[in-house]
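I have placed the structure first, in the form of structure tokens, so that the comments after it can refer back to it.
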Amino acid sequence: MKYIIVTGGVISGLGKGITTSSIAKILQARGLKVTAIKIDPYLNYDAGTMNPYQHGEVFVLEDGGEVDLDLGNYERFLDANLTFDHNITTGKIYKTVIERERKGEYLGKTVQIIPHITEEIKRRIKKIAIESNVDVVVIEVGGTVGDIESMPFLEAARELWLEEGSRNVLFVHTTLIPVLDVVGEQKTKPTQHSVKELRSLGIQPDIIIGRAKEYLNDDTRRKISLFCSVPYEAVISAPDAKSIYEVPLIFEKQGLGEYIMGKLQLWGEPPEWKEWKKFLENLYNPKDEVTIAIVGKYVHLRDSYISHRESLTHAASRLKVKINIKWIDSERIEENGTEELKGVHGILIPGGFGKRGSEGKILAAKYAREHKIPFLGICFGFQLAVVEFARSILGYEDANSTELSPATSAPVIDLLPEQRNINKLGGTMRLGAQKVIIEKGSLAYNLYRSEVIYERHRHRYEVNPDYIDELEKKGMHFSGKDESGVRMEIFEFRNHPFYIGSQFHPEFKSRPLRPSPLHLALVKYALKYKKSNGDSS
Ligand code: GLN
């Protein structure tokens, strides 16, 4: 088993997740079996109870794990399904160790960070390596070297290197190379300091990846090589890329793949990039363009909706169309009306929670319905479109979700029955891949081309079964349901070119070469809408 450990220095937000995904991809392109693990040194057990302003979107896996958004990047780059265990947190590690202590498994001993916590970290990493049946595991250590929180993880990584040997464990350090505007010189001092910090923990990096706007120049690479004691060819540039999906190719061009293969004594096939390059070629050569509005309350932090953005990128490549995303704060719609929606060719309302901004989303759903603009509502967006329809068409002015208005006289969206007795909020929603039955001949069937699909979920509320007949009679057609037929999964309209919603999240399963069918259709219909409106916008 080979392990590649990716650390970060100088500042956070360097795109370590993309670096990790790209390294994994380079090896996969050589026919190797690869998986990736994310370590999050925070104390939370998982990402499920954090709001998107903390670490961006909460990503949901097949098994229902609510995890860091980097796992979404790994899944998209590797076209693989990962499990909850692939996201290791301090919370998970300590919970296991403390439970073990209570059982008496350490009887007589003092339980300590070294060795007990570090043992548990290594045990988890090795377990995933074995269970995933891979040749290489790439492990991203969240945070920045020097953070108190990540110390035990770096110590565990050092021990792993000691146990497995330097032919089997490789350290990649990602750092920032700032450029001083006045002189335009690439500065290596912060990198030198962070490598020094890493060395003081007993870790000597094998490869340094320098993030800068441009490629690192020769001088910079030589300096880093000399001061950080890393071979010149192991100093790699991570310049700004037009698309994150180009990063593996940028690394490949610099010989990173061959270098890693040599260091870890791995043998693979010649790298195969044909489909990946085609994907990028399509993305970079659009024949048309459309504007899609994403209406949410976390639009100020783009990573809050990263899976939607990526799903649209996948659709963009497939359709060779440039997609301009117009981020619209739903609270602004509440204040200023739907003015900002004028001229867009499609509207997407993503998942969400809570009252703030919800009326703005309802107005956006109404605007799309009345103006026949292609519309996709996901989860909360699906639920609020039902609320809007109940208010405008069924005439229940007070209709709402009981999440937002517990006392509403028309609770068209209500708590899932099995949620009534739940009092703990962590990990208790209806989560992960669930079976959805699609009605033959419907629009949804046309898009999925299958009567049975599995899509990922994350919700506590659903369409109240008491209102289904009424909603259907007035034209909201439920074309996707769960196996029991009681739980509504997809609605569509017959008298609107494209107005569809899903209780599930198709964005979590969208992959570069296999775009989410619903996002793909939204863009297709947006193109149609644009053409039929004489490109007036
Ligand atoms: N807040 C809604 C629910 O819990 C929607 C959740 C979501 O959009 N992920 O059902």
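Each ligand, and each atom within it, is numbered from 1 in the order the structure gives.
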Show me which atoms of ligand 1 lie under 4.0 Å from any heavy atom of [X].
X    : value
H505 : 9 (N)
F353 : 1 (N), 4 (O), 6 (C), 7 (C), 9 (N)
E403 : 1 (N), 2 (C), 3 (C)
R458 : 6 (C), 7 (C), 9 (N)

Aromatic contact, [X] with [Y] (centres under 6.0 Å):
X    : Y    : answer
Y42  : H55  : yes
F380 : Y461 : no
Y245 : F279 : yes

Taking both backbone and side-chain atoms of [X], is any N or O found less than 3.5 Å from an N or O belonging to ligand 1?
X    : value
Y461 : yes
Q383 : yes
F380 : yes

Q: For atom 5 (C) of ligand 1, state which one of G354, G352, G351, S358 supplies the nearest heavy atom.
A: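 Shortest heavy-atom distance from atom 5 (C) of ligand 1: G352.
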
Q: Answer with yes or no whether E462 contacts ligand 1, where contact means a heavy atom under 4.0 Å from a ligand atom.
A: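 Checking ligand 1 against E462, which is what was asked, there is no heavy-atom contact under 4.0 Å.
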
Q. Any cation-pi pair here, K474 with F389, using under 6.0 Å and within 45°?
A.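 Not flagged: K474 not positioned over aromatic ring of F389.
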
Q. For I437, what residues pass the side chain to side chain contact (heavy atoms under 4.5 Å, CB included) criterion, not counting sequence neighbours?
A.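 Per chain and number, I437 pairs via side chain to side chain contact (heavy atoms under 4.5 Å, CB included) with K435, V452, E483.
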
Q) When the ring planes of F77 and W276 are compared, do they come out parallel, tilted or perpendicular, using 30° and 60° as the limits? A)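 The rings of F77 and W276 sit tilted, inter-plane angle from 30° to 60°.
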
Q.
Could you check whether atom CZ of R102 has more than 12 heavy atoms from other residues, nucleotides or ligands sitting under 6.0 Å from it?
A.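 Atom CZ in R102 is not crowded, with 12 or fewer foreign heavy atoms closer than 6.0 Å.
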
